[in-house]
Colleague: 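Just passing along the structure, written as structure tokens.
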Amino acid sequence: MKFISAAALTAVAATTTTAFTLPTTAVQKSSSPAASSTSLFEAINRITPAGPPYAGPTSKPILDSVKFPHDMKRLDITELQQLSHELRWEIIEAVSKTGGHFSSSLGVTELTVALHYVFDMPEDDIIWDVAHQCYAHKMLTGRRDRFPTLRQLGGMSGFCKRKESEYDSFGAGHSSTSISAAQGMSVAKSILNKRKNNCIAVIGDGAITGGMAYEAMNSGGYLSSRMIVVLNDNGQVSLPTGTQSAGGVKPASQLSAYTSNLIVSKPFQDFRGFAKSLNKLFPESVQEVNERIDEYARGVVTGGTLFEELGFFYVGPIDGHDLETLVPILEKLRDSDSTKPVLLHIKTTKGYGYPPAMAASDRMHGVGKFDIGTGVQVKGKTTAPSFTSIFANAMIDAATEDRAIVGITAAMPGGTGMDIFGRRFPKRTFDVGIAEQHAVTFAAGMACEGLKPFCCIYSTFMQRGYDQVVHDVAIQNLPVRFMLDRAGVVGNDGPTHHGCYDLAYLGCIPNLTIMSPSDEIELRNMVMTCAGMDDGPSVLRYPRGIGYGADALQKLFGYDLENGEIPAKGTPIEIGKGRIIRLPGGVRAMSAEDTRSAGSRGKRKEDRVAILSFGSRLSEALIAADEVEEMNPDLAVTVADARFMKPLDIDLIRELAKDNGNMITIEEGSIGGFGDHVLHFLSLDGALDEGELKFRPMVLPDTYFEAATQYEQYEMAGLNAHHIRGTVLRLANKVEVPVLSE
């Protein structure tokens, strides 16, 4: 590496809000290529104050001059380095105001600058895996001014989206897809005889733990598909990495250990050895860059045996924050006529350049609004714990009584609560990396030997392990407990993360028991119920968010809580049995002190309405029922909590169908879920034959919901209280429904 000039460093330092004293080593000239050296950003980081307050540049002249990638082509290496510095602080400042994924983009700022400087998007394709590291990319592709709308209703997505920009080659909210997509694009460009064929997949060391990445590399080497795979190795496989588990606190990936060994154990090659290996890829001579690369190539070694055996030309490891190394190597790869796929291994630091992120256990992966000077996040006032933490502590209660209970997560210990469980039972906690297929069959194997595995995966990510649920668990009727966090809509992460489809895709599988809680007490009870189920697989799905708290549980749901406190521990409930929560007149069925009565309501069957809820829409159903009866003295509304979709409580459904002329089901899922199961049963049971029962299912409509708050998304879906109220009134013929013209 070259040492930067004092003038260049001073120019950057002059744009910051704090006066710095430059260390003398930052401006000395290296006497030999092997000597310890300092890139611009190493120098900048070294002169950043060691403690808060932290602050960035007061102006960003280079960034202000770059709206699209072609504006970067005129910049020299020093200006590209300054652009990276300004760009990083622009991300810090923008995300501090909106929240969002954070440290991943800070870690790839220099890489993003180098890629857009060397390649020509949108003609060339750059695919980000996972796309939450795309903020720098978005700022350099005409979307800087949209960052105040990040992950908001009508605003800019937090992931790459093809419909948002021609510069977003491929959308990715789930991991391990980039190499397959890049290979497909490369083959298509070749078949279509396109003038240029540059396809770059940027994949993290977490995403590359997914089996699909290896399937793609196997195919890419076999077909000799021209593409560059950039392995962004930042040592952060799981969220957060470092959770206590059976594998210790190291990253949950042997591949991560392998790539780390490449970095620390291999001797640095001199240029002649490096150029000799390059000749395997490049038909043209590379000797003319001997002197230049000698200066840049510290940290570059070859011989990544695993990748080479898969048919890739391996280059690396390379300092991913060193533009003086990245740019010329990417240029050589771009200009090569070879069709051999390349794996470029770079080492980066997640959260690079912002000390609070670099010091945090999760590197500030995903954040709310925060104070730039300190990194302290703005936390809203909550009176109740999250459903995730409630689940984790209930699982600890169960595991305390039963040593056979173990927990499995696919690289999401923080999101699923397995980090909480792991602190209590590290040897019974297993993080398998981003490998949902493996997680499911791993759990099946445990169940075969008598353990009681809780396989804890987001609803949206369970889609990736579907065949294993069918083939390896359900067909063999193995007692694996699937804990599906983030069921329903999830808010600002948008359509790639909603848990909309699990009821439809799991409900059709024989042998599964499927349940969903309406509140935190029910969640605790259902965790204990699953713990005791040894005769087959079970599914417990619950939403993102916080519990209701004791007051709401008593006033809205009608719980009789001893001393007004939520029970500390759950109790098992009967499989396949629901419960009536509200009787006509507003009577809370669980409250012995509720003396209200239906009065003269519901004298006619057609004025009686049953709302059968599955999941956490129960609270909205109760609010709607109270509002309906306040509006109309004739209507009598009963509200029930189904609890189970499989098996259905057919006795409860028959009772509701017999006593009411109208029935509404409501759920946080797509068509094909709970409502369809109820309707199917009613049809087969003959309850609809005489025309005395009108039925309406309320489900998530057949569309994708973009980023917004959860309330806004349920508003768009038509599943909030006023929508339920309107459905009741229309079904009972208490409002006129306009006839739509053709």
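For this chain, numbers begin at 1 and follow the sequence in order. Atoms considered below: every heavy atom in the structure, side chains included; atoms not considered: hydrogens, waters and symmetry mates. What you are looking at is a predicted structure, and each value in this text was computed from that prediction instead of being measured.
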Colleague: Answer whether the closest heavy-atom distance between the side chains of Arg363 and His365 falls below 4.5 Å.
Modeller: no
Colleague: Does Thr141 reach the side chain of Pro69, with side-chain heavy atoms less than 4.5 Å apart?
Modeller: yes
Colleague: What I'd like to find out is whether the side chain of Ile509 reaches to under 4.5 Å of the side chain of Tyr466, using heavy atoms alone.
Modeller: yes
Colleague: Please check: side-chain N/O of His132 versus main-chain N/O of Ser104, any donor-acceptor pairing under 3.5 Å?
Modeller: no
Colleague: Can you list, pair by pair, the side-chain donor-acceptor contacts under 3.5 Å of residues 432-440, counting residues two or more places apart and other chains?
Modeller:
from, atom 1, to, atom 2, distance (Å)
Glu436, OE1, Arg464, NE, 2.9

Colleague: With a 4.5 Å limit on heavy-atom distance, are the side chains of Thr709 and Leu153 in contact?
Modeller: no
Colleague: To the nearest 0.5 Å, what is the distance between CD1 (Ile228) and CD1 (Ile200)?
Modeller: 5.0 Å
Colleague: Identify the two heavy atoms, one from Ile457 and one from Met462, that lie closest to each other, and give their separation to 0.1 Å.
Modeller: CG2-N, 3.6 Å
Colleague: Assess, by modelled atom type and distance only, whether the side chains of His497 and Tyr458 contain a donor and an acceptor separated by less than 3.5 Å.
Modeller: no
Colleague: Rounded at 0.5 Å granularity, tell me how far OG in Ser180 sits from CE in Met212.
Modeller: 3.5 Å
Colleague: Go through the structure and list residues passing salt bridge (charged side-chain N to carboxylate O under 4.0 Å, His left out) with Glu123, not counting sequence neighbours.
Modeller: Arg195
Colleague: For Arg486 and Thr388: C-alpha separation, side-chain torsions, deciding distance, then whether side chain to side chain donor-acceptor pair (under 3.5 Å) applies.
Modeller: CA-CA 9 Å; Arg486 289 355 186 235; Thr388 298; 3.3 Å; yes
Colleague: If every non-hydrogen atom of Gly422 is compared with every non-hydrogen atom of Thr429, which pair is closest and at what distance?
Modeller: CA-OG1, 3.2 Å
Colleague: Which heavy atom of Ile91 sits nearest a heavy atom of Ser105, and at what distance?
Modeller: CD1-CB, 4.2 Å
Colleague: CE of Met139 to CD of Glu86: how many Å apart, nearest 0.5 Å?
Modeller: 12.0 Å
Colleague: What's the verdict on side-chain contact (heavy atoms from CB on, under 4.5 Å) for Phe102 and Ile92, showing C-alpha distance, side-chain angles and the deciding distance?
Modeller: CA-CA 8 Å; Phe102 181 52; Ile92 293 169; 3.9 Å; yes
Colleague: Are any of the side-chain heavy atoms of His137 and Val108 separated by less than 4.5 Å?
Modeller: no
Colleague: Got a donor-acceptor contact below 3.5 angstrom from the Ser336 side chain to the Lys332 backbone?
Modeller: no
Colleague: Look at Lys189 together with Asp125 and state whether they make a salt bridge at an N to O cut-off of under 4.0 Å.
Modeller: yes
Colleague: Begin from the C-alpha positions of Leu330 and Phe119 and carry the test side-chain contact (heavy atoms from CB on, under 4.5 Å) through to its verdict.
Modeller: CA-CA 9 Å; Leu330 288 171; Phe119 295 97; 4.2 Å; yes
Colleague: Tell me if the aromatic rings of Phe159 and His101 count as close, with their centers under 6.0 Å from one another.
Modeller: yes
Colleague: Test your reading of the model: is there a side-chain donor-acceptor pair from Gln468 to the backbone of Thr441, 3.5 Å cut-off?
Modeller: no
Colleague: So, the side chain of Arg226 versus the backbone of Ser338: is there a donor-acceptor pair under 3.5 Å, distance only?
Modeller: yes
Colleague: Would you find a donor on one side and an acceptor on the other, under 3.5 Å apart, between the side chain of Asp431 and the backbone of Ala411?
Modeller: yes
Colleague: Using the test ring pair (Phe, Tyr, Trp, His ring centres under 6.0 Å), find all partners of Phe425 that sit at least two apart in sequence or belong to another chain.
Modeller: Phe421
Colleague: Under the 3.5 angstrom rule, does the side chain of Arg334 hit a backbone N or O of Val118 as a donor-acceptor pair?
Modeller: yes
Colleague: Go through His345 and Tyr314 one step at a time and tell me if the side chain to side chain donor-acceptor pair (under 3.5 Å) criterion holds.
Modeller: CA-CA 7 Å; His345 179 188; Tyr314 174 88; 2.7 Å; yes
Colleague: Report the C-alpha distance between Met446 and Val406 in whole Å, list the side-chain angles of each, state the deciding distance to 0.1 Å, and finish with yes or no for side-chain contact (heavy atoms from CB on, under 4.5 Å).
Modeller: CA-CA 9 Å; Met446 288 179 158; Val406 296; 3.6 Å; yes
Colleague: Minimum heavy-atom separation for Ile346 and Leu326, please, with both atom names.
Modeller: CG2-CD2, 4.0 Å
Colleague: Can you tell me if Phe68 has over 12 outside heavy atoms packed within less than 6.0 Å of its CZ?
Modeller: yes
Colleague: If you round to the nearest 0.5 Å, how far is CG of Leu323 from CG of Leu80?
Modeller: 6.0 Å
Colleague: Any heavy-atom pair between the side chains of Arg146 and Ser165 that's under 4.5 Å?
Modeller: no
Colleague: Taking the side chain as every heavy atom from C-beta outward, state whether Arg541 and Glu668 have any atom pair closer than 4.5 Å.
Modeller: yes
Colleague: From Trp128 CH2 over to Asn232 CG, what is the distance, rounded to the nearest 0.5 angstrom?
Modeller: 8.5 Å
Colleague: Kindly say whether Ser186 contributes a backbone atom to a donor-acceptor pair with the side chain of Asn197 at under 3.5 angstrom?
Modeller: yes
Colleague: Under 6.0 Å from the NZ atom of Lys97, do we count more than 12 heavy atoms belonging to anything else shown?
Modeller: no
Colleague: Are any side-chain N or O atoms of Arg481 and backbone N or O atoms of Val539, one a donor and one an acceptor, separated by less than 3.5 Å?
Modeller: no
Colleague: Between the side chain of Asp124 and the main-chain N/O of Asp120, is any donor-acceptor distance below 3.5 Å?
Modeller: yes
Colleague: Who passes salt bridge (charged side-chain N to carboxylate O under 4.0 Å, His left out) against Asp168, sequence neighbours left out?
Modeller: Arg143
Colleague: Measure the spacing between NE2 of His321 and CD of Gln81 and express it to the nearest 0.5 Å.
Modeller: 13.5 Å
Colleague: Looking at every non-hydrogen atom in both residues, tell me the closest pair between Ala392 and Gly417 and how far apart they are.
Modeller: CB-O, 3.3 Å
Colleague: Might you work through the side-chain contact (heavy atoms from CB on, under 4.5 Å) test for Leu115 and Met121, ending with a clear yes or no?
Modeller: CA-CA 9 Å; Leu115 288 171; Met121 290 196 79; over 6 Å; no
Colleague: What heavy-atom pair brings Tyr542 and Met483 nearest, and what distance separates the two atoms?
Modeller: OH-CB, 4.2 Å
Colleague: Could you check whether any side-chain N or O of Arg88 sits under 3.5 Å from a backbone N or O of Leu106, counting only pairs where one atom can act as donor and the other as acceptor?
Modeller: yes
Colleague: Taking side chain to side chain contact (heavy atoms under 4.5 Å, CB included) as the test, write out the residues that go with Gln463, two or more places apart.
Modeller: His174, Thr460, Tyr501, Tyr505
Colleague: With sequence neighbours excluded, what pairs up with Phe482 under the ring pair (Phe, Tyr, Trp, His ring centres under 6.0 Å) test?
Modeller: none
Colleague: Looking at Asp485 and Arg544, is any side-chain nitrogen of the basic one under 4.0 Å from a carboxylate oxygen of the acidic one?
Modeller: no
Colleague: Does the side chain of Ser175 come within less than 4.5 Å of Asp129's, by heavy atoms?
Modeller: yes
